[in-house]
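In this text the structure is predicted, and so the values were computed from the model without any measurement. Hydrogens, waters and symmetry mates are skipped; everything else that's a heavy atom, side chains included, is used. Just so it is clear: chains get the letters A, B, ... in the order the sequence lines come, proteins before strands, and each one is counted from 1.
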Amino acid sequence: MTTSVFDKYMDAPSIFKRDRDVLRPSYIPDKLLHRDEQINQIASILATALKGERPSNILIFGKTGTGKTATAKYLGKEITKVLKAGSAFQEVVYVYINCEVVDTQYGVLQNIGNRFIDNFNERIPPTGWSTERVYNILWKKMDTSPKVVIVVLDEVDKFVYKSGDDMLYHLTKINDDFENAKISLIGISNDMKFTELLDPRVRSRLSDEKIVFPPYDAGQLKDILKQRAELAFDNGILADEVISLCAAVEAHEQGDARRALDLLRVAAEIAERNRDQEVTEQHVYKAKNKIELDCVIEAVRTLPVQSKLILLGILMNEEAGQIKLTTGDVYSTYRILCRKTGLSMVSQRRVTDLISELDMMGIVSARVKSFGRGGRTKEIMASVPLMETKRVILKDSMLEPLNEFKINKQMTLL
DNA sequence: TGTCCACTGGAAGGGAGGGCTT
DNA sequence: AAGCCCTCCCTTCCAGTGGACA
């Protein structure tokens, strides 16, 4: 018999009863717990679609992991069920778009449009057409027969921040031009404030109905975890306190069900890898640390090389004992590193933006501070673990020349 | 009280790179 | 091939600014 490096993992008994995907946030259970009120509210609005009328537009607010996306997808499934059963009076098309993935006007219109184009050759290409043309095709294809189109724009705030509200304006106005079809929008956002950016006309049209998803409390999280755990594990695999602990940890932070589920899944995976028979509190604590570090590492690993260089500069300064830096400091270190690696150098203005991006990602903390005559600038410091992060950055092949490189205080003063 | 530093962050625009149309 | 369009990444320009210091 041949042996391989995988053998010892392959024959390890699995802790999971079946698919571990039931613990992933993308899994939509048959019954969503503790969201009855919101589901009923939205369902009562959308029900008009099944009667052939245009439902009001809806804005859904709530922090991450409060079940907004799950609810939207769940309702999509339910509508499909009704349509299949043939009890609807009208054709209803439910389009779900995640604006974090599709974040341009063109992209959103293309995505919606292609739902109504069966012939592959007629499809709207990912780029190349004018937006106006895409809009016209979309309009024509949608309006061929009477139907109600419900477009869900998940993370719509991301879209508005990036691309403005033109597209929302057109989509909310398109009904005026339709003869047969009707469109209604569901915007999902975790940021209440983004509506301030909208043109007043768009704002009032978009937010006919507002629905807020509150964070889950510990008890609710516990129910949700229990529901999934029953699907994922056999009895006796989870120590009694494990679910309560996962629920308590996340309820304490933000009431985020997504993270609570991740925590449970990773804890179980750690137990499995250790060939333990039971998932215990210790596994949960380990999982918590692992998830936090993994998030940082993944975020840093996928950074563009210019941002890596900037972050590396900040970390190297920290290593040399310079914890707090100004934009000027960061830029001069950045220039040293550019010269060392031979990479092209971007302007200070651009670096300011990249620093702000790193700040938004939580990788560094940067706040504007005035030093009086010393000028007004950002005060920047890293908020990720020094050595681990540095190691990840230096794995980038373009930054190889920096492997043994260190900076000292004089260099930052250049 | 006014000055002045070292930026901040908005605006406008360029150009490369993707792709389509004619 | 030439002429479009859109997005992304970047530059240049510049008015604006919080607060220590004279």
Trainee: Establish whether the base of B:dG18 is bridged to the side chain of A:T127 by a donor-acceptor pair shorter than 3.5 Å.
Mentor: yes
Trainee: For each nucleotide in nucleotides 12-22 of chain C, reading 5' to 3', give B when a protein heavy atom comes within less than 4.0 Å of its base, S when such contact involves only the sugar-phosphate, and - otherwise.
Mentor: BB--BBBBBB-
Trainee: Taking atom NZ as the centre, does A:K77 end up with more than 12 heavy-atom neighbours from other residues, nucleotides or ligands that are less than 6.0 angstrom away?
Mentor: yes
Trainee: When you match A:G128 and A:D103 each to their closest nucleotide on DNA chain C, which lands nearer the 5' end?
Mentor: A:G128
Trainee: Does A:T327 make a side-chain N or O approach to OP1 or OP2 of B:dT8 shorter than 4.0 Å?
Mentor: yes
Trainee: Do A:R35's NZ or CZ and the ring of A:Y216 fall within the cation-pi criteria of under 6.0 Å and 45°?
Mentor: yes
Trainee: Rounded to whole angstrom units, what separation is found between the OH atom of A:Y331 and the C1' atom of C:dC10?
Mentor: 12 Å
Trainee: Figure out the CD/P separation between A:E122 and B:dT21, and round it to whole Å.
Mentor: 12 Å
Trainee: Does this structure show an ion pair linking A:K73 with A:E78, if we count only N-O contacts that are shorter than 4.0 Å?
Mentor: no
Trainee: Kindly indicate whether the side chain of A:Y106, heavy atoms from C-beta on, has any atom under 4.5 Å from the side chain of A:I124.
Mentor: yes
Trainee: With a 4.0 Å cutoff (strictly under), does any side-chain N or O of A:W129 reach OP1 or OP2 of B:dG19?
Mentor: no
Trainee: Between atom CE in A:M167 and atom C1' in C:dT7, what is the gap in whole Å?
Mentor: 16 Å
Trainee: Take the protein atom CG of A:D353 and the nucleotide atom C1' of B:dC7, then report the distance between them rounded to whole Å.
Mentor: 13 Å
Trainee: Find out whether A:I393 and A:L311 are in side-chain contact, i.e. whether some heavy atom of one side chain is under 4.5 Å from a heavy atom of the other.
Mentor: yes
Trainee: side-chain contact (heavy atoms from CB on, under 4.5 Å) with A:S189: which of A:V160, A:D157, A:L153, A:T195?
Mentor: A:D157
Trainee: Could you state the interatomic distance from CZ (A:R258) to NZ (A:K63), rounded to the nearest 0.5 Å?
Mentor: 14.0 Å
Trainee: Rounding to a whole Å, what distance do you find between A:I380:CD1 and B:dT8:C1'?
Mentor: 11 Å
Trainee: I want to check one thing: is the phosphate of B:dC7, taken as OP1 and OP2, less than 4.0 Å away from some side-chain N or O of A:T326?
Mentor: yes
Trainee: Once you round it to whole Å, what is the distance between P of C:dC8 and CG of A:L354?
Mentor: 15 Å
Trainee: Strictly below 4.0 Å: does A:T104 bring a side-chain N or O up to OP1 or OP2 of C:dC6?
Mentor: no
Trainee: Starting at atom CD of A:Q110, determine the distance to atom P of C:dT7, rounded to an integer number of angstrom.
Mentor: 11 Å
Trainee: Over how many whole Å does the gap from A:E132 atom CD to B:dC20 atom C1' extend?
Mentor: 16 Å
